[in-house]
Amino acid sequence: MEDRTTALLDQLVRLRKEGRISRRQFARLTGGGVGLAAISAFIAACGSEPTPPPQQGGSGGGQSSGGSSATEAPSGTPDAGGGSTEESSGEVKRGGRLTFAIDTAPVGLDPHLATAFSSQMFYEHIYDTLFHFTPDLQVVPSLAESFDVIDEKTYEFKIRQGVKFQDGSPLTVEDVIFSYERMIDPEVKSTRGVWFNQIDGLEAKDDSTLVVYLKNPFAPLIGFMAMPGAAIVSKAFTEANNNDLTAVAMGTGPFQLQEYITNQQGNFTRFADHWRGDVPLVDELVLQITTDEASRMAAIRAQQIDMTRLFDKTNADLLEGEGYQMYKGLCTSYTLTFINCRREPLNDPRVRQALSYAIDRQQFLDTAVFGDGEISGVIPAAEKNWALPVSEYASYKQDIEKAKQLLAEAGYPDGFNVTLTVSPQYQFDVSNAQVLQSQLRPLGINVEIQQVEWGNLLNTINQTRDFDLLNIIYTFQPDPDGYTYNFFHSQSLNNASGLADARVDELLDRGRAETDQAERKKIYDEVQKLLADELVPVLAYYCYYQYLPSQTYVKGYKAIPSLSRIYLRETWLDK
C-alpha cells in the first residue's frame, strides 16, 4: 500500500511541476480528502497513468485503484501481467467472428437490476460506464474524460463529447443523471443503489459538466462508478421501453446486441460509431451458452469455438498440455454459504459460530478445486491490500469440541435439521454443499441439500430470502465497502443473511466515509473479525483460479481478476 501511495504522490508532484494540474487540484488530492482510487483516476485523466510497483505475489485488489493481479498471460507469451501481447510482433487483423462459450445464461439484461455475473457477461459489452478497470484493476476514465474534487462532498465530472448511443442519438449529461437517479430510486429497487446512496444530488452545470453532491465523504465513489453494473443508459430509450430493460439493450458500448436466443446464444455486432474508434477489432461476437464443461472442451478441440472458461483444474491442465493458450490466475471471486440469521436456531450467533468451528476449510478447497486457490474471509483473499489473513480468525481453526460446547450452550446439544439450497449450475457450490453436509454430521446437524434451478436460487437470495443455508459465489467489488456494507449493513437491499448489528453498521458507515487509507484498514480489519468469529452471517471458504483456454490464433485478449470480459473488444483473430 505504501509503495502504491508513494508512486501516486510522485506522479502528482511531477504533474504540478509541469503545470498540468492546478495548485487547488494538487491541494485537494494530497490533503487527505480523497482515496487512492480518485487520485489514480485523476492522474490517468491527465494522461499520466502511474506504473504500479512490483508485486510481492498474489493479487493486489484493494481500494478501487486495486493493485496488480495474479492473472497470467497465455503460456509462452512474454506478458506476465494479465494479457497477451502477441499483437506487438505482427499487424493486428480486423474483422471476423469471435465465439466465446460461456457456462450460464443471463438472468435479465438490465445492468441496474441484473445481479448475476451471467448477465454482466452480456451487458458489459453493450454499455459504457464513467470509468473502467484496466487488467490490473486500475481505475481509468471512460465516458468521464476527467474529474475535479471541489471539496470532500462535491465532485465535477467532464463528460466525453461526441459519444453516440447505438441508435445514433448523442450521449448527454442528462442521460448520465438519469442513469444514476435510476440506480438510487427506491421505486426501481436497483441493487446498485447501495453503491450510490451517498449521492445527495446531481446537476448539469453545462452541456459537458456533471456535478455530484454527496451527503458525506464517500471513499468508494470512483471505484463503484467503474463497475459494469453502473452502466450509463439512454433516458429516451429507457422511457420508451417503460423503464423495462430486462430483455432489450442499447448503450454506447463497443458491441450492439443483435439477437438473444434464450439459453442458446447472444449475437453481437461491432458498433462502428463507438467513441473509442479503434475497437472492437472483430466484426461479430457470439456468446454461446454451453453449460456442460466437457462440451465446451470438445467444442474448443473441434475449433467450433475460439475461447471458453473452465472451472475444473484437471480439464484446464489437459488443454494446456495439448498446446492451447491458457489465461489463468487467482481471481477475486469467492465461495460462501449464507446463513439466514432470521430463523431459529440460526438466529443464535452461538449456533453460527459452532458451524464455523466445526468445518475444515482446507478440505473444501482441496475437494472442489484440488487446492488451487486460497482460503478466504468475507473480503476475498485475492484482495491482498484489504483481506485480513485467515490466520487471524479463531473460528477458522477447526475445533469440534468447541463447536459442540457452543451448540449445548445454545440449547442444541443433539444438533438439529437444516436445509441447504444450492444450484447445480456451479459445481463448486454443489461440492461445498456435500463437504459441509459431511463435516456437520458429527455435531448431529443433519443437512438436507436442496438443488434448485439457477434463476430460482437468485430469486431466493435476492427476493424471497426463503432459505436456511444457501451456497453462492460472489465476484469482484472495487472496494472493501462493496464486500461488506453491500452484504452485511442492516439497511442494504443486498443483506440476504438478515444480519442486523449496530456495531457492524457503525463501522461500515465510518468505513465508507473515511478517506485516510490506514484508518480505513483498521476499520475493515475489525469488521472482518466481527463477521468471521462473532456474528458469522456467512461461512466463507476460498478464492479460486480462473482458466480461459483459447485457440492459438486468438490474440490481444487481456484477462482480469474480476472475471470481466470487457477486453474482448481488443481481441483479434490471426487467421
Side-chain angles (χ1 to χ4, degrees), residues 57-59 61 69-72 103 117 293 309-318 320 326 328-339 352-384 386-400 403 420 422-443 445 447 449 469-476 483 528-529 531-533 536-548 561-563:
S59 168
S69 74
T71 307
E72 301 171 0
D103 51 87
F117 179 69
E293 183 154 312
R309 179 189 179 189
L310 301 178
F311 290 87
D312 191 315
K313 181 182 185 297
T314 304
N315 290 337
D317 288 345
L318 280 173
E320 191 169 17
M326 186 68 65
K328 59 184 179 182
L330 188 68
C331 62
T332 53
S333 296
Y334 60 116
T335 62
L336 64 163
T337 295
F338 264 91
I339 303 173
R352 304 195 298 270
Q353 291 166 23
L355 301 184
S356 188
Y357 277 106
I359 64 176
D360 176 4
R361 287 171 170 82
Q362 186 64 46
Q363 186 180 350
F364 285 79
L365 180 63
D366 292 343
T367 301
V369 294
F370 303 97
D372 206 21
E374 290 189 26
I375 296 172
S376 182
V378 296
I379 295 180
E383 295 280 11
K384 300 299 183 184
W386 294 105
L388 198 62
V390 296
S391 59
E392 300 277 335
Y393 302 142
S395 69
Y396 271 50
K397 301 174 182 69
Q398 188 182 34
D399 189 336
I400 299 296
L420 171 55
V422 63
S423 170
Q425 184 65 50
Y426 293 106
Q427 184 56 42
F428 292 170
D429 288 336
V430 176
S431 174
N432 292 340
Q434 293 166 342
V435 175
L436 185 63
Q437 182 185 54
S438 173
Q439 292 192 1
L440 294 183
R441 194 172 289 128
L443 276 66
I445 299 176
V447 178
I449 298 174
L469 305 174
L470 185 146
N471 278 9
I472 200 164
I473 300 168
Y474 273 156
T475 55
F476 170 72
Y483 296 112
Q528 290 173 83
K529 286 188 70 67
L531 294 174
D533 287 338
V536 199
V538 299
L539 300 173
Y541 301 123
Y542 53 84
C543 290
Y544 53 88
Y545 277 73
Q546 62 172 318
Y547 308 104
L548 302 173
S562 68
L563 299 181

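For the residue pair Pro380 and Ala387, the shortest heavy atom distance occurs at O-CB, 3.3 Å. Gly373 approaches Leu330 most closely through the heavy-atom pair CA-CD1, 4.1 Å. The two residues Cys543 and Ala382 make their nearest non-hydrogen contact at SG-N, 3.7 Å. Summarising the geometry of Asn471 relative to Ala433, their closest heavy-atom pair is ND2-N, 3.3 Å, with the distance given to 0.1 Å. Across every non-hydrogen atom of Leu531 and Pro537, the tightest pair is O-CD, 3.6 Å. Closest approach of Tyr357 and Ala403 over heavy atoms only: CB-CB, 4.1 Å.
Contact check for Val390 versus Arg361: no side-chain heavy atoms found under the 4.5 Å cut-off. Side-chain contact check for Gln437 versus Leu420: every heavy-atom pair is 4.5 Å or farther apart. Counting heavy atoms from C-beta on, the side chains of Tyr545 and Val369 never come closer than 4.5 Å. Contact check for Thr332 versus Tyr483: side-chain heavy atoms found under the 4.5 Å cut-off. In this structure the side chain of Leu469 never reaches within 4.5 angstrom of the side chain of Leu539, judged on heavy atoms. For the pair Ile375 and Gln362, the minimum side-chain heavy-atom distance is below 4.5 Å. Residues Lys328 and Lys313 have side chains not in contact (no heavy-atom distance under 4.5 Å, counting atoms from C-beta outward). Gln528 has its side chain out of reach of Glu392: every pair of non-hydrogen atoms, C-beta onward, lies at least 4.5 Å apart.
Side chains of Tyr426 and Asn432: no donor on one and acceptor on the other come within 3.5 Å.
Although no hydrogens or angles enter the test, the distance criterion places a donor-acceptor pair under 3.5 Å between the side chain of Tyr334 and the main chain of Val378. For the pair Asp533 (side chain) and Ser395 (backbone), a donor-acceptor distance under 3.5 Å is present. Between the Ser431 side chain and the Gln427 main chain, no donor and acceptor come within less than 3.5 Å of each other. Under a 3.5 Å cut-off, the side chain of Gln425 and the backbone N or O of Asp103 do form a donor-acceptor pair.
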query = Is there a side chain to side chain contact (heavy atoms under 4.5 Å, CB included) between Phe370 and Asp312 once you walk through the steps?
reply = CA-CA 9 Å; Phe370 303 97; Asp312 191 315; 3.8 Å; yes

request  = Quick one: do Phe364 and Gln439 satisfy side chain to side chain contact (heavy atoms under 4.5 Å, CB included)? Show the steps, please.
outcome  = CA-CA 10 Å; Phe364 285 79; Gln439 292 192 1; 3.5 Å; yes

task = Please test Leu563 against Arg309 for side chain to side chain contact (heavy atoms under 4.5 Å, CB included), starting from the C-alpha separation and ending with a verdict.
result = CA-CA 10 Å; Leu563 299 181; Arg309 179 189 179 189; 3.4 Å; yes

inquiry  = Checking Asp429 against Ile473 for the side chain to side chain contact (heavy atoms under 4.5 Å, CB included) test, could you report, in this order, the C-alpha distance in whole Å, the side-chain angles of both residues, the deciding distance, and whether it holds?
reply    = CA-CA 8 Å; Asp429 288 336; Ile473 300 168; 3.6 Å; yes

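A distance of 8.0 Å separates OG of Ser356 from CD1 of Ile339, quoted to the nearest 0.5 Å. Atoms CG and CG, from Asp317 and Leu310 in turn, are 10.0 Å apart once rounded to the nearest 0.5 Å. Interatomic distance, Tyr541 OH to Thr337 OG1, rounded to the nearest 0.5 Å: 2.5 Å. Rounding to the nearest 0.5 Å gives a distance of 8.5 Å between OG1 of Thr335 and CG of Leu365. Here Asp360 contributes atom CG and Asp399 contributes atom CG; the two are 12.5 Å apart, rounded to the nearest 0.5 Å. The line from CG of Leu436 to CG of Leu355 is 7.5 Å long, rounded to the nearest 0.5 Å.
The six-membered or imidazole ring of Phe338 lies near that of Tyr474, with a centre-to-centre distance under 6.0 Å. Ring to ring, Phe311 and Phe428 are close: their centroids are under 6.0 angstrom apart.
Listed by chain and number, the residues in a salt bridge (charged side-chain N to carboxylate O under 4.0 Å, His left out) with Lys529 amount to none (sequence neighbours excluded).
Aromatic ring pairs are classed by plane angle as parallel below 30°, tilted from 30° to 60° and perpendicular above 60°; the pair Tyr542 and Tyr544 is perpendicular.
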